[in-house]
Amino acid sequence: MAISQQLYPSEDDLVYEEELLRNPFSLKSWWRYLIALSDSPFSKRFIIYERALKALPGSYKLWHAYLCERLQIVSSYPIILPQSKTLNDTSERTHPQFKILNDTFERALITMHKMPRIWIMYLQTLTHQKFISRTRKVFDLALRALPVTQHDRIWDHYLFFVCQKGIPIETSLRVYRRFLQFDPNRVEDFIEFLISSSLWQEAAERLALVLNDDKFYSIKGKTKHRLWLELCDLLTRHANEVSGLNVDAIIRAGIRKFSDEVGPLWTSLAEYYIRRGLHEKARDVFEEGMSTIITVKDFSVIFDSYSQFEESVVRYKMEAKDEANDEEEEGGDEDDIQLSVIGCMMDTEAEANEEGDDEDIRFKYEHFEKKILSGLWLNDKDDIDLGYDRLDYLVDRRPELSSSVALRQNPHNVEQWHRRVKLFEGNPTKQILTYTEAVRTVDPMKAVGKPHTLWVAFAKLYEQHNDLANARVIFDKAVQVNYKTMDNLASVWCEWAELELKHENFEGALELMKRATAEPSVEVKQKVVAGGNQPVQMRLHKSLRLWTFYADLEECLGNLESTREVYERILDLRIATPQVIINYAYFLEENNYFEDAFKVYERGVKIFKYPHARDIWVTYLSKFVKRHGRTKLERARELFENAVEMSPADQVKPLYLQYAKLEEDYGLAKRAMKVYDQATKAVPNNEKLSMYEIYIARAAEIFGVPKTREIYEQAIESGLPDKDVKAMCLKYAELERSLGEIERACGIYVFASKFADPRSDPDFWNKWHEFEVQHGNEDTFREMLRIKRSVSASYSQTHFILPENLMPKDQTVCPHEAKDKLKEAGNTDDEMTALERQLAPAADKTVTKKRKVGFVSAGVESHSDGRIKSNANHEEIELPEENDSDEEDQNEIALKDVPSAIFGGLIRKRDKIENDGEVNCGNMLGALERIKKLKRI
């Protein structure tokens with residue numbers, strides 16, 4: 001009673017009912033009514049849906065919502081009733097709700113037959129219900145009802161339906177064939193379906209049609225090569241199921257079309273014959289594949305497949321043999337039977353011979369023997385040893401096969417041919433065949449490497465086997481080949497001549513060189529010009545390598561005249577090198593033709609320019625001086641003048657040294673010095689210092705050390721680089737110091753100081769410091785410090801003037817820091833103040849000041865009363881200590897004899913000592929006054 005009351009409209013529904021009474025064809029009113037009843041049971045909503053669809057049968061919105069709710073309801077019910085499993089008819093076993101759903105779809109499609117979504121919903125539920133015939137018919141109805149532009153939405157579900165299990169294969173094939181008429185580009189899906197359905201024949205045919213279609217484009221991104229591989233795999237794996245296709249022709253067409261990565265195609269073809277049981281044909285395919293591929297990758301694929309095939313054959317036969325052992329034991333000894341039969345036949349033959357019926361017995365015996373051998377021995381299945389031999393032979397041939405692949409990549413690779421010959425070491429026949437193939441194949445114009453080495457190695461192979469006749473034949477053919485370069489042909493001629501020399505055929509070697517260096521006749525040249533292609537043999541007579549080899553042979557085997565003719569011919573052809581000139585001159589000197597040798601040198605220096613003429617000049621001059629010495633001194637001088645005049649500045653130094661040595665040994669010392677002087681002006685700046693050093697050393701040895709002063713001054717004023725000037729000044733100062741000229745040495749140091757920055761060149765200032773400590777006085781020492789400070793300041797100012805980006809990193813400081821650094825570098829104020837304080841007398845104190853560290857004083861110190869106290873200076877002068885108590889008993893200062901050159905003009909002022917107690921050192925004059933002057937400076 002309660003359920004029936006729910007089906008009638010309630011008080012809340014009266015509003016919607018009244019609205020529907022006023023406008024029963026309003027979709028909006030019906031839709032609001034259904035939304036209001038969303039929480040009501042479906043039975044009540046079912047009545048409203050039916051009423052609405054009766055009023056509006058063409059409303060897609062109402063039908064779609066109604067069908068969705070119907071589908072939602074039946075989703076919880078089983079398709080087949082449990083109690084109806086024994087029934088045969090599927091429709092009788094279907095749940096009633098599914099029948100109601102199907103009827104509802106049928107009613108909806110009466111008006112919604114142009115709506116693909118309704119069709120799809122219906123088809124999906126039919127597919128779920130497993131109604132094969134009904135579903136197929138509904139799919140066909142949908143395709144007929146909908147326009148073609150919407151068929152693609154139906155076909156996806158149709159194909160999904162026919163690919164399910166339980167669908168007859170014939171039905172699926174018919175559906176797919178219809179689909180390909182709609183969309184031929186989806187043929188790959190059909191092929192995949194055929195393969196999954198084990199329909200190998202039609203799959204292979206469809207795949208072959210695809211490959212034959214040049215306009216085909218794979219929507220799955222597969223290349224033609226990939227499709228070829230799939231077809232080959234299909235044909236080979238199912239060779240017995242596929243018929244009607246020429247598998248061999250199909251796969252070979254793919255091999256011809258795809259030149260690279262054809263290894264899998266060859267293995268597929270071989271596998272096809274293996275599955276067909278044609279093992280020998282498979283071996284032929286493997287061999288053909290390895291003899292035609294051009295990549296190492298394909299070779300590895302085929303070789304590995306081939307070796308696995310042979311291993312599998314051997315393994316199978318071994319297993320079969322093990323299984324057949326028991327059967328052989330039961331079958332008896334067939335071999336013994338065969339032997340006994342043959343023995344009986346031999347006895348029969350003996351009896352027949354005795355009786356005289358030889359022909360009949362012999363015929364029977366031969367017939368029976370053939371039958372036994374052909375049936376039992378020749379067809380013996382126990383060929384495991386043969387399989388092992390095949391496998392070993394294949395493995396042994398791998399290097400040869402790999403070499404063939406490399407040569408097919410580039411048959412003009414000379415090095416690969418040499419490697420191939422090494423593979424057959426110990427087999428002269430194979431080596432000869434390989435060389436023959438190589439020289440026929442390699443084109444000298446395209447060769448990678450030196451093609452003439454193949455001919456030479458070929459000839460040497462015959463030589464190693466003592467077949468000189470064939471070796472000469474090979475060389476004769478080799479010299480007729482048109483090589484790319486002239487040097488290749490010259491090398492062949494030289495190797496041929498060396499072969500003759502090795503076997504002591506000296507006349508033959510000379511004849512070969514004469515033949516090789518002969519210039520072609522005019523007629524031959526005209527023919528070549530007319531032909532338009534000039535072979536390398538036409539230029540061979542200008543090969544320097546050939547002529548030098550010919551010259552060496554003539555020197556060893558020929559006479560003087562023939563050798564000179566060869567060298568003169570080289571010079572006439574203008575192909576000589578400096579080494580050829582020197583060799584020619586040496587040869588003439590060995591035969592005592594010295595003047596002719598000198599003429600050859602002169603021709604050489606006229607032909608060649610620097611730097612090629614340098615070795616000729618050096619050798620020529622040394623040989624001439626050694627030969628004539630002082631006898632032809634003027635001629636030697638003229639040669640040297642010509643040599644240094646023609647030589648560039650960077651290579652003239654050895655010639656000048658050789659020229660000066662000539663003057664020292666055979667000429668005048670004055671001329672030698674003049675040569676050295678010319679050399680110092682001719683050499684470049686980077687060699688002037690070393691040249692001046694040699695000049696000074698030779699001048700000191702010849703004329704004495706004082707003579708070198710002029711050279712030092714000349715070197716300093718000659719414009720040397722600053723570092724070289726500084727080095728020369730240090731040597732000059734050391735020279736003056738050794739001569740006792742201290743003032744001159746000091747002046748040299750002062751001059752050189754402007755080239756030495758105290759911060760970057762402390763060695764110079766250390767040497768000057770040592771010099772002042774040993775030989776200077778306080779005045780000169782202070783002068784050195786002043787100069788050092790001024791030089792340091794000048795270099796610092798130069799750095800401050802530079803832009804900031806060009807200054808060194810350690811110089812980018814502020815001005816007051818630079819001033820502090822200058823003070824630290826000089827540090828003269830404190831030293832001079834300390835020195836003044838040391839020498840100045842104190843009023844009422846007796847203080848003894850210590851001398852400055854690193855400074856050698858004059859030997860005295862001043863006391864507070866004005867007297868001078870001797871300081872313990874063991875290096876200079878030792879003065880006795882004065883007595884302050886009595887002026888009358890005052891002792892005279894004891895002076896050590898010192899060379900007057902050290903003190904200069906100070907020694908004359910030593911006697912002007914005042915009587916008021918002021919005493920000056922023997923080597924210092926007016927110390928306090930000069931210190932004050934220095935402070936003012």
Side-chain angles (χ1 to χ4, degrees), residues 188 191 195 200 203-204 207-208 210-212 214 216 218 220-240 242 245-316 387 390-413 416-417 419-420 423 437 441:
E188 292 177 89
I191 293 172
I195 293 174
W200 316 115
L207 196 53
V210 166
L211 290 172
N212 291 329
D214 296 333
F216 175 76
S218 175
K220 295 187 177 182
K222 294 183 179 180
T223 61
K224 283 293 185 71
H225 184 264
R226 175 71 180 278
L227 294 174
W228 272 104
L229 293 179
E230 291 181 359
L231 176 59
C232 294
D233 184 70
L234 179 63
L235 295 174
T236 55
R237 291 183 181 276
H238 308 283
N240 297 323
V242 178
L245 293 177
N246 191 346
V247 179
D248 189 279
I250 291 173
I251 297 179
R252 289 182 183 276
I255 293 171
R256 289 191 298 269
K257 189 171 184 179
F258 305 100
S259 58
D260 55 344
E261 297 185 5
V262 295
L265 296 177
W266 281 109
T267 56
S268 298
L269 182 57
E271 187 178 355
Y272 168 75
Y273 287 113
I274 292 172
R275 292 182 181 274
R276 295 286 301 273
L278 304 174
H279 293 176
E280 293 299 329
K281 185 65 175 179
R283 290 188 179 95
D284 294 340
V285 170
F286 279 125
E287 293 290 341
E288 183 182 358
M290 288 190 297
S291 62
T292 56
I293 57 174
I294 59 174
T295 62
V296 178
K297 181 179 178 181
D298 292 337
F299 171 75
S300 301
V301 172
I302 298 176
F303 185 85
D304 293 341
S305 299
Y306 194 5
S307 58
Q308 291 175 4
F309 163 68
E310 294 292 352
E311 290 178 1
S312 62
V313 169
V314 174
R315 189 184 306 110
Y316 171 77
R390 283 174 175 168
L391 183 59
D392 294 339
Y393 179 64
L394 177 63
V395 174
D396 293 339
R397 285 195 304 140
R398 175 159 191 164
E400 180 183 352
L401 296 173
S402 179
S403 175
S404 300
V405 173
L407 288 174
R408 280 193 293 273
Q409 289 179 352
N410 185 7
H412 306 290
N413 192 331
Q416 288 294 339
W417 282 109
R419 293 178 183 176
R420 185 175 180 85
L423 296 176
E437 184 181 2
T441 305

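Heavy atoms of other residues, nucleotides or ligands lying less than 6.0 angstrom from NZ of K297 number 12 at most.
L423 and P399 get closest at one heavy-atom pair: CD1-O, 3.5 Å. The nearest pair of heavy atoms linking P264 to D298 is CD-OD1, 4.4 Å. The minimum heavy-atom distance between V405 and V296, with the atom names listed, is CG1-N, 4.0 Å. Nearest approach of P411 to T441, heavy atoms of both residues: CB-CG2, 3.7 Å.
Taking 4.5 Å as the limit, every side-chain heavy atom of H238 sits out of range of all side-chain heavy atoms of R275. Contact annotation: the side chain of F299 never approaches that of I294 to less than 4.5 Å [non-hydrogen atoms, C-beta and beyond]. Put simply, the side chain of K257 does not reach to within 4.5 Å of the side chain of L211, judged on heavy atoms. Within the 4.5 Å cutoff, the side chain of F309 has heavy atoms near those of the V313 side chain. Using a 4.5 Å cut-off on side-chain heavy atoms (C-beta onward), S218 and K224 make no contact. The shortest side-chain heavy-atom distance between I293 and F303 does not fall under the 4.5 Å cut-off. Contact annotation: the side chain of F216 approaches that of E188 to within less than 4.5 Å [non-hydrogen atoms, C-beta and beyond]. Within the 4.5 Å cutoff, no side-chain heavy atoms of Q416 are placed close to those of N410.
Of the possible donor and acceptor atoms, one in the side chain of S312 sits under 3.5 Å from a partner among the backbone N and O of Q308. Formation of a donor-acceptor pair under 3.5 Å by the S305 side chain with backbone atoms of V301 is found in this model.
Here the CD1 atom belonging to I251 is positioned 10.0 Å from the CH2 atom belonging to W266, to the nearest 0.5 angstrom. We find the OG-CD1 distance between S268 and I255 to be 8.5 Å, quoted to the nearest 0.5 Å. Annotation: the span from L207 atom CG to I191 atom CD1 amounts to 5.0 Å, rounded to 0.5 Å. Here CG of L394 is found 7.0 Å from CG of L401. Values are rounded to the nearest 0.5 Å.
With sequence neighbours left out, the ring-ring contact (aromatic ring centres under 6.0 Å, His included) criterion links H412 to no other residue. Residues satisfying the salt bridge (charged side-chain N to carboxylate O under 4.0 Å, His left out) test with D392, not counting sequence neighbours, are none. The salt bridge (charged side-chain N to carboxylate O under 4.0 Å, His left out) test applied to R419 returns E415, not counting sequence neighbours. With sequence neighbours excluded, no residue forms a salt bridge (charged side-chain N to carboxylate O under 4.0 Å, His left out) with R408. With sequence neighbours left out, the salt bridge (charged side-chain N to carboxylate O under 4.0 Å, His left out) criterion links E437 to no other residue.
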- Query: Run the side-chain contact (heavy atoms from CB on, under 4.5 Å) check on S307 and V395 step by step: do they pass?
  - Reply: CA-CA 8 Å; S307 58; V395 174; 5.7 Å; no
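In this structure, a donor-acceptor pair under 3.5 Å is absent between the side chains of E280 and Y273. Counted by atom type alone, Y272 and D248 present zero donor-acceptor pairs between their side chains at under 3.5 Å.
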Just list the side-chain donor-acceptor pairs under 3.5 Å for residues 226-235, sequence neighbours left out, or say none.
residue: E230; atom: OE2; partner: K222; partner atom: NZ; Å: 3.0
residue: D233; atom: OD1; partner: R237; partner atom: NE; Å: 2.6
residue: D233; atom: OD2; partner: R237; partner atom: NE; Å: 3.2

